[in-house]
Amino acid sequence: MRVLISGASIAGPVAAYWLARSGAHVTVVEQAPALRKTGGHAVDLFRPAMEISERMGVLPRIQDRATGTTLLTVNRPWTSRIARIDYAKLVGVMSDRHVEIMRDDLSEIYYDAGRDDVEYLFGDRITAIADDGAVTFEHAASEKFDVVVGADGLHSGVRRLVFGDDVPERLLGGYLAVVSVPKSLARDGEMNGFYEPRRVAMVYTAEHLDDARAVFIFRPERPLDYDHRDVPRQRDQLRHAFAGMAGEVDSWLADLERTPAFYFDAITQLQMTSWSSGRVTLVGDAGYCPGPAVGGSTSLAVYGAYVLAHELARTGGDYAAAFTAYEHTMLQPVLGSRSLAKVNAKTIVPASRWGVNALVGIARLVSVLPTGVTQAVARLNDRGVRLYDTMPLPDYAESPEPLRLRGIPHDD
Ligand SMILES: Cc1cc2nc3c(=O)[nH]c(=O)nc-3n(C[C@H](O)[C@H](O)[C@H](O)COP(=O)(O)OP(=O)(O)OC[C@H]3O[C@@H](n4cnc5c(N)ncnc54)[C@H](O)[C@@H]3O)c2cc1C
């Protein structure tokens, strides 16, 4: 069975690893000229994604590359008191098995896990997919595949080719930017944040990074006139949104024109109820992004990739049956992550001074209460903050025989 995956970030390499293990011939096409090493941001792996990583044998490497953030400091312009919050404890409310890691580090680790058994094609992209599985690339020669998987993120090219531009999505009212800044502007182990109503700016680094990352999240009163391809305009919009916040924040924005890595996007939630068509399906942000940075989408991407690969193996490559089972397993986690993301988008960036103080107050309370107490309270709420830790991981390992994929005959 020949599988083509578009996208070599998180969902792509995880799906490729598991598919190759079950006997499929897997090709991954990635538009970037090489595995990305700059830019990116810290992402979260919660319990099921940690377990999947453990089954892939890469958990020690992931833990070794953790960002190591343990302290969150919060500055507010109306008080000289800087709130110091135990970040590890705060995350502990959401998860008792979690790691924070830079996306590019995670991507590299998953890529390394499967690279010997997977064919990677960098610097190329799919330009057309026919119903019989014939795929045209921008550079490489056309080829036929049994299954095509779009793992190419929120602005997925595969999704556009198969479902068009008009898929249901919802702007969650916020915008997100990440800027690479000099390492000297941050301290190892600490996320330093500035909070005001409707805007938050933070900076962090990790011991092994050569730079630091400044993250900006803001919720303007009215939607921006925004184009996700117009970078110069995005820079202006970012400067404008954070003008006059604090001297430190000005210094994070000072190198905006020269920064090697800049990311800006609207916090958008995809709301498709099905993400498969014929031989093609979507995985990770391409199919069900709950909203970047607000919905635990990295764990969802790892989980989805694992489920998809195992359903294709379990059904012997009967992609119609596999896609149905995959979507069925994913539906509740996806719907849960959408609800959580909508709440988070508002909670993370409160609209009022009162809201900011309340958020900081709760975080400080968690920070001083014994871990056992906060975790016991959080455990009462499986659909909210504990959603990702409680996603059930199907035990495909129960199969008595090694899973093998059969070849699927083409129409011709
Ligand atoms: C600023 C920011 C902060 C975030 N913070 C968090 C967080 O705190 N916690 C968390 O869990 N998640 C966070 N996320 C989300 C997380 O990055 C994604 O959920 C995760 O990376 C999804 O992985 P993916 O593989 O589905 O897609 P992506 O990581 O988006 O990867 C898509 C890949 O496809 C490639 N590609 C795109 N188009 C094409 C094409 N046409 N052809 C070939 N290749 C293509 C891209 O180059 C990329 O390599 C954040 C995201 C952003 C942007």
Side-chain angles (χ1 to χ4, degrees), residues 4-16 27-37 39-46 49 67 69 91 94-95 98-108 110-111 120-129 135 137-140 148-162 174-180 191 202 204 213-217 228 261-270 275 282-305 308 337 340-341 344 348 387-388:
L4 174 64
I5 298 173
S6 172
S9 173
I10 305 299
V14 173
T27 304
V28 179
V29 57
E30 162 62 50
Q31 68 177 7
L35 210 60
R36 291 191 293 189
K37 292 279 193 169
H41 42 268
V43 299
D44 304 288
L45 288 187
F46 295 112
T67 55
T69 304
V91 176
M94 289 184 271
S95 176
H98 164 270
V99 74
E100 185 187 76
I101 179 169
M102 302 307 289
R103 189 204 47 202
D104 295 352
D105 287 336
L106 186 62
S107 176
E108 184 183 22
Y110 287 148
Y111 164 80
Y120 275 90
L121 209 59
F122 285 97
D124 208 347
R125 73 180 84 200
I126 300 171
T127 52
I129 307 169
V135 172
F137 298 93
E138 197 167 84
H139 302 298
V148 179
V149 179
D152 42 5
L154 182 56
H155 303 289
S156 164
V158 170
R159 191 180 68 234
R160 198 173 328 108
L161 287 174
V162 176
Y175 298 84
L176 175 65
V178 183
V179 178
S180 168
M191 177 125 59
M202 292 180 271
Y204 63 91
R213 311 288 154 94
V215 181
F216 303 85
I217 309 178
H228 84 89
F262 173 74
Y263 166 91
F264 188 101
D265 210 345
I267 302 181
T268 305
Q269 178 169 102
L270 285 179
W275 43 87
L282 305 171
V283 67
D285 277 9
Y288 32 83
C289 179
V294 289
S297 42
T298 305
S299 286
L300 203 59
V302 173
Y303 184 83
L308 171 64
S337 71
L340 188 59
N344 281 352
I348 292 173
L387 174 82
Y388 287 103

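These numbers were taken from a predicted model, which means no experiment stands behind them. Both counts, for ligands and for their atoms, begin at 1 and track the order of listing. Numbers here simply count residues along the sequence, with the first being 1.
Here the OG1 atom belonging to T67 is positioned 7.5 Å from the CE atom belonging to M191, to the nearest 0.5 angstrom.
With respect to atom 20 (C) of ligand 1, the closest heavy atom belonging to the protein is T298 OG1, 3.8 Å. Here the protein heavy atom with the shortest distance to atom 34 (O) of ligand 1 is D152 CA, 3.2 Å.
For atom 8 (O) of ligand 1, the nearest non-hydrogen atom from the set S107, A177, A42, A49 belongs to A42. Here the shortest heavy-atom distance to atom 17 (O) of ligand 1, taken over R160, H41, E100, belongs to H41.
With a 4.0 Å heavy-atom cut-off, ligand 1 is reached by the backbone of V43 and by its side chain too. At a 4.0 Å heavy-atom cut-off, ligand 1 does not touch A32 at all.
For R125, no nitrogen or oxygen atom sits less than 3.5 Å from a nitrogen or oxygen atom of ligand 1, counting backbone and side chain alike. Looking at D285 next to ligand 1, an N or O pair under 3.5 Å apart turns up. For ligand 1, the polar-atom distance check against H155 finds no nitrogen or oxygen pair separated by under 3.5 Å. Considering backbone and side-chain N/O of G284, none are found under 3.5 Å from N/O of ligand 1. The shortest N/O to N/O separation between S9 and ligand 1 falls below 3.5 Å. The distance criterion of under 3.5 Å between nitrogen or oxygen atoms is not met by D124 with respect to ligand 1. Remark: ligand 1 and A11 share an N or O pair separated by less than 3.5 Å (distance only, no angle test).
Taking 4.0 Å as the cut-off, S6 counts as a neighbour of ligand 1 on heavy-atom distance.
Annotation: side-chain hydrogen bond (donor to acceptor under 3.5 Å, both in side chains) contacts of Y175 (sequence neighbours excluded): none. For A293, the side chain to side chain contact (heavy atoms under 4.5 Å, CB included) partners are L176, not counting sequence neighbours.
Side-chain rings of Y120 and Y111 approach one another, their centers coming within less than 6.0 Å.
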